[in-house]
Colleague: 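Take this structure first; my questions come after.
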Amino acid sequence: MQETRQNRISRLLQKELSSIFQSQTRKTSGVLVSVTRVRISPDLSICTAYLSIFPSERSEEIMKNINASEKSIRYELGTRVHNQLRIIPELRFFIDDSLDYLEHIDELLKKG
């Protein structure tokens with residue numbers, strides 16, 4: 001039962017975070033931030049979001065900006081999901097570099 005609720009809340013948070021990042025990246029041209037995966041702790045207090053950033057060369061700079069504006073992102077998230085959640089979870093962001101890894105493997109396979 002608890003796991004089903006965690007999955008449902010994870011999907012909700014992923015959808016809302018994606019929407020927030022989409023509206024924020026419209027202002028900066030040539031940057032795309034997508035939320036690839038969201039995990040939530042069993043007590044629903046910590047949300048870990050994995051972000052895929054394009055272009056990957058600017059990912060460090062963009063992650064620095066995202067971590068600096070974590071409080072405003074959490075506030076925006078709170079205004080969107082306050083009817084569904086009693087407590088808005090603490091946000092933690094990490095880079096999901098699985099696409100870069102797949103691209104690197106693909107290049108190695110083409111060379112070999």
Colleague: Taking it one step at a time, do Leu44 and Arg86 satisfy side chain to side chain contact (heavy atoms under 4.5 Å, CB included)?
Modeller: CA-CA 10 Å; Leu44 308 177; Arg86 203 175 320 147; over 6 Å; no

Colleague: Flag the pair Ser10 / Ile40 as yes when at least one side-chain heavy-atom distance between them is below 4.5 Å, and no otherwise.
Modeller: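 Yes; the side chains approach each other to less than 4.5 Å.
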
Colleague: Atom CZ of Phe94 and atom CD1 of Ile66: how far apart are they, to the nearest 0.5 Å?
Modeller: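 Here the rounded value is 13.0 Å.
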
Colleague: Has Glu70 got more than 12 heavy atoms of other residues, nucleotides or ligands less than 6.0 Å from its CD?
Modeller: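 More than 12 heavy atoms, drawn from other residues, nucleotides or ligands, come within 6.0 Å of this atom.
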
Colleague: Which residues pass the salt bridge (Lys or Arg N to Asp or Glu O under 4.0 Å) test with Arg58, not counting sequence neighbours?
Modeller: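 In terms of salt bridge (Lys or Arg N to Asp or Glu O under 4.0 Å), with neighbours along the sequence ignored, Arg58 is linked to Glu61.
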
Colleague: Quick check for you: to the nearest 0.5 Å, what is the distance between Ser34 atom OG and Gln22 atom CD?
Modeller: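 CD of Gln22 is found 10.5 Å from OG of Ser34.
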
Colleague: Same cluster or not: Ile95 versus Phe54, using hydrophobic residues (I, L, V, M, F, W, Y) connected whenever any side-chain heavy atoms lie under 4.5 Å apart?
Modeller: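 They do not share one cluster, since no chain of ILVMFWY contacts under 4.5 Å joins Ile95 to Phe54.
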
Colleague: Could you name each residue pair satisfying ring-ring contact (aromatic ring centres under 6.0 Å, His included) that touches residues 68-93, not counting sequence neighbours?
Modeller: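 Only Phe21-Phe93 qualify under ring-ring contact (aromatic ring centres under 6.0 Å, His included).
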
Colleague: Could you tell me the separation between the CD atom of Glu107 and the NZ atom of Lys110, rounded to the nearest 0.5 Å?
Modeller: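 Rounded to the nearest 0.5 Å, the CD-NZ separation comes out at 7.5 Å.
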
Colleague: For residues Val35 and Ala49, report the shortest heavy-atom separation together with the two atoms involved.
Modeller: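 Heavy atoms of Val35 and Ala49 come nearest at CG1-CB, 4.5 Å.
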
Colleague: At what distance, to the nearest 0.5 angstrom, does CG of Leu12 lie from CG of Asn7?
Modeller: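 Separation between the atoms: 12.5 Å.
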
Colleague: Report the residues that fulfil side-chain contact (heavy atoms from CB on, under 4.5 Å) with Ser72, sequence neighbours left out, ordered by chain and then residue number.
Modeller: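 Here the qualifying residues are Ser69.
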
Colleague: Using atom types as modelled and distance alone, determine if a side-chain donor or acceptor of Ser19 lies under 3.5 Å from a backbone N or O of Lys15.
Modeller: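 No, the answer is negative, given that no donor and acceptor are paired below the 3.5 Å cut-off.
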
Colleague: Once you round to the nearest 0.5 Å, how far does OG of Ser52 lie from CZ of Arg37?
Modeller: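 These two atoms lie 11.5 Å from each other.
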
Colleague: Any chance you could pull the hydrophobic cluster mates of Ile46, using side-chain heavy atoms under 4.5 angstrom and chaining through other members?
Modeller: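 Besides Ile46, the hydrophobic cluster comprises nothing; the residue is isolated.
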
Colleague: Is the shortest distance from a Lys or Arg side-chain nitrogen in Glu76 or Arg80 to a carboxylate oxygen in the other one below 4.0 Å?
Modeller: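 Yes.
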
Colleague: The test is side chain to side chain contact (heavy atoms under 4.5 Å, CB included); show your working for Ile62 and Thr25 and say whether it passes.
Modeller: CA-CA 10 Å; Ile62 293 168; Thr25 55; over 6 Å; no

Colleague: In this structure, which one of Ile9, Leu91, Ile88 forms a side-chain contact (heavy atoms from CB on, under 4.5 Å) with Cys47?
Modeller: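 The passing option is Leu91.
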
Colleague: Can you tell me how far the NE2 atom of His104 sits from the CG atom of Leu109, to the nearest 0.5 Å?
Modeller: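 It is 10.0 Å, given to the nearest 0.5 Å.
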
Colleague: Among Ile, Leu, Val, Met, Phe, Trp and Tyr joined by side-chain contacts under 4.5 Å, find the other residues sharing a cluster with Ile87 and list them by chain and number.
Modeller: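 Same cluster as Ile87: nobody, lone residue.
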
Colleague: Who pairs with Glu90 by salt bridge (Lys or Arg N to Asp or Glu O under 4.0 Å), at least two apart in sequence or on another chain?
Modeller: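 For Glu90, the residues satisfying salt bridge (Lys or Arg N to Asp or Glu O under 4.0 Å) (neighbours in sequence not counted) are Arg92.
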
Colleague: Would a hydrophobic clustering, with Ile, Leu, Val, Met, Phe, Trp and Tyr connected at side-chain separations under 4.5 Å, put Tyr50 with Val33?
Modeller: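 Different clusters.
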
Colleague: Specify the closest pair of heavy atoms between Leu51 and Thr36, including all atoms of both residues, with the distance to one decimal.
Modeller: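 Answer, listing the atom of Leu51 first, then Thr36: N-OG1, 4.4 Å.
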
